[in-house]
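Fair warning: this is a prediction, and the values are worked out from it, not measured in the lab. For reference, positions follow the sequence shown, starting with 1.
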Amino acid sequence: MGARLRIFLTQEQDQTLLKLRTANVPQKVKDRALVVRLNAQGWYVEKIAAHFNWARQTVREVLHKWQKLGIEGFWELPGRGGKPKWKEADIEFVTECLKNEPRTYNSVQLAHKLEQERSIKLSPDRLRRILKKGFIWKRARKSHKGKQEIITRQIKQADLDMLEWSAAAGDIDLKYLDESGFCAWSEAGYSYYKRGEQKRLEQTLRRGRRLSIVGLLQPEISFVYGLVIGGVDRKAYIKMMELEALSAEKSKRIRVIVQDNGPIHRCHEVQKLWSKWENQGLYILFLPKYCSEMNPIELEWQHLKKDELAGQMFEDELALAYAVINGVEARGKKGNYSTKRIKLRADRPT
């Protein structure tokens, strides 16, 4: 019986092999580096083979390659293994599609596109593994930024910054106005279940009418809102603004309302009241088109729907209205600001 195969490593060599454990190299390279280190620590070939579930001859070949080639012996020689069916140019093509085309793709659609346009046939599973190195699977967002007028937005943003500074200094009252809506049926979302089970949200007998809300947010101070069945019309909007104008006149402070260019905000009946409101101390700043992100009340609607109402089905409009009221109050407690509900229509229960 010949002498047992034994490797001796310097401290520098051992540290080099140890660093391969966390390096971006194939797993086979990491395993072969560990084989050499274990042998240097006194493990026999038989023990190493049992540890990796390898043949003894495979372990001996790894050790012999280390003795002959050093660390280069851990990598496969060129020409070994299956040849990739794709090239870097194909991945660049996929990158351009994902970045520039006005749509989303899943792996099945991308695999089909590669086959149709570049004659590259990859399974969706294989394509996912390739993309995993530089891409993540993430929900897309709806956006109107491509329609924004950049110069107009910059000018309005500068005006809004000045108003915010004045409000922070206590010189004016600055509020943000917007409308939103709710339905009795929520979209089914994610939840926790025991394995093998799935919850079902039973739909009510009827979907019911839309519940709309118009709100005025004064960040970290107050949130005034009103609810109506159906859409918010010019009468409900005018009532909100009239109340704000009276409040501004009574406080003898300038009050600025930031809002979008919705039809009810610029109708003829409303325009006739602008001069009256300005005499009372109420002014309006209109945001540029497609710039809803400049209005912080949009985040309140998002959190109200996502955090307070999501995953629920409501029997009727009244149950939905109570849920919205409770949600607004909960948001007020979290944000440490007051909430007040205004009755906009005398003939409606909301």
Side-chain angles (χ1 to χ4, degrees), residues 1-99 105-115 117-139 190 192-197:
M1 182 176 178
R4 286 191 175 274
L5 186 55
R6 180 69 184 277
I7 298 295
F8 295 93
L9 299 175
T10 64
Q11 185 175 1
E12 183 179 355
Q13 289 174 324
D14 185 69
Q15 288 299 315
T16 300
L17 297 182
L18 180 62
K19 290 179 181 178
L20 286 177
R21 292 177 58 184
T22 56
N24 185 21
V25 297
Q27 184 60 42
K28 287 184 177 180
V29 174
K30 297 180 180 181
D31 292 342
R32 290 163 185 166
L34 183 56
V35 166
V36 174
R37 293 188 69 241
L38 291 176
N39 182 263
Q41 293 172 14
W43 286 39
Y44 294 142
V45 170
E46 295 81 4
K47 186 176 179 180
I48 297 174
H51 178 73
F52 285 95
N53 197 23
W54 290 359
R56 298 176 184 178
Q57 184 59 30
T58 303
V59 178
R60 293 191 182 96
E61 289 176 357
V62 171
L63 298 176
H64 283 306
K65 281 188 176 181
W66 167 260
Q67 290 178 325
K68 185 178 180 180
L69 302 173
I71 197 171
E72 295 181 2
F74 293 158
W75 275 263
E76 301 286 353
L77 294 175
R80 299 290 297 274
K83 301 295 187 298
K85 299 179 181 179
W86 53 274
K87 298 179 181 179
E88 285 299 326
D90 300 319
I91 303 304
E92 292 176 3
F93 169 77
V94 170
T95 302
E96 290 299 316
C97 291
L98 294 173
K99 181 178 180 181
Y105 284 98
N106 58 33
S107 59
V108 176
Q109 294 166 334
L110 280 176
H112 180 72
K113 190 175 183 70
L114 278 173
E115 184 176 2
E117 299 189 20
R118 298 185 67 86
S119 300
I120 301 297
K121 192 170 184 179
L122 291 173
S123 70
D125 184 60
R126 174 61 178 160
L127 184 57
R128 282 195 297 270
R129 291 199 297 270
I130 295 171
L131 294 177
K132 195 174 182 180
K133 296 179 181 178
F135 295 84
I136 59 173
W137 179 255
K138 188 176 180 180
R139 184 188 296 273
Y190 292 89
Y192 290 100
Y193 313 99
K194 288 189 175 180
R195 294 187 183 275
E197 298 180 2

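Taking 4.5 Å as the limit, every side-chain heavy atom of Y105 sits out of range of all side-chain heavy atoms of V94. Between K30 and L34 there is no side-chain heavy-atom pair separated by less than 4.5 Å. In this structure, L131 and L110 have side chains that are in contact, with non-hydrogen atoms separated by less than 4.5 Å. A 4.5 Å side-chain heavy-atom check between W43 and V35 finds every atom pair outside the cut-off. Put simply, the side chain of L5 reaches to within 4.5 Å of the side chain of H64, judged on heavy atoms. At a threshold of 4.5 Å between non-hydrogen side-chain atoms, the residues D90 and L122 do not count as touching. When side chains are defined from C-beta on, R128 counts as touching D125, because their heavy atoms get closer than 4.5 Å.
For CZ of F93, the number of neighbouring non-hydrogen atoms (other residues, nucleotides, ligands) closer than 6.0 Å is greater than 12. Environment of CZ in R129: crowded, with over 12 heavy atoms of neighbouring residues, nucleotides or ligands closer than 6.0 Å. Under a cut-off of 6.0 angstrom, the local environment of CD in E72 is sparse, with at most 12 non-hydrogen atoms contributed by other residues, nucleotides or ligands. By the 6.0 Å contact criterion, CZ on R21 is open, its count of non-hydrogen atoms from other residues, nucleotides or ligands being 12 or less. At most 12 heavy atoms of other shown residues, nucleotides or ligands fall within 6.0 angstrom of atom CD in E12.
Residue L9 holds its CG atom at 11.5 Å from CG of L18, rounded to the nearest 0.5 Å. The line from CG of L69 to CD1 of I71 is 12.0 Å long, rounded to the nearest 0.5 Å. Separation of atoms CZ (R118) and NZ (K87) is listed at 9.5 Å; rounding is to 0.5 Å. With values rounded to the nearest 0.5 angstrom, I48 atom CD1 is found 11.5 Å from R37 atom CZ. With rounding to the nearest 0.5 Å, the separation of CD in E117 from NE2 in H112 is 9.0 Å. The structure places CD1 of I7 at 13.0 Å from CD of Q41, a figure rounded to the nearest 0.5 Å.
Relative orientation of the W66 and F74 rings is parallel, given thresholds of 30° and 60° on the angle between their planes.
A pairwise comparison of heavy atoms in F52 and D31 identifies CZ-O, 3.9 Å as the closest pair. Here the closest heavy-atom approach between residue K65 and residue G73 is recorded as CD-O, 3.6 Å. Between Q67 and R6 the shortest heavy-atom distance is NE2-O, 4.2 Å. Contact detail for L20 and A33: the closest heavy-atom pair is CD1-CB, 3.8 Å.
Listed for the Q13 side chain is a donor-acceptor partner under 3.5 Å among the backbone atoms of T10. N39 places no side-chain N or O within donor-acceptor distance of the main-chain N or O of V36, the cut-off being under 3.5 Å. In this structure a side-chain-to-backbone donor-acceptor pair under 3.5 Å is present from Q109 to N106.
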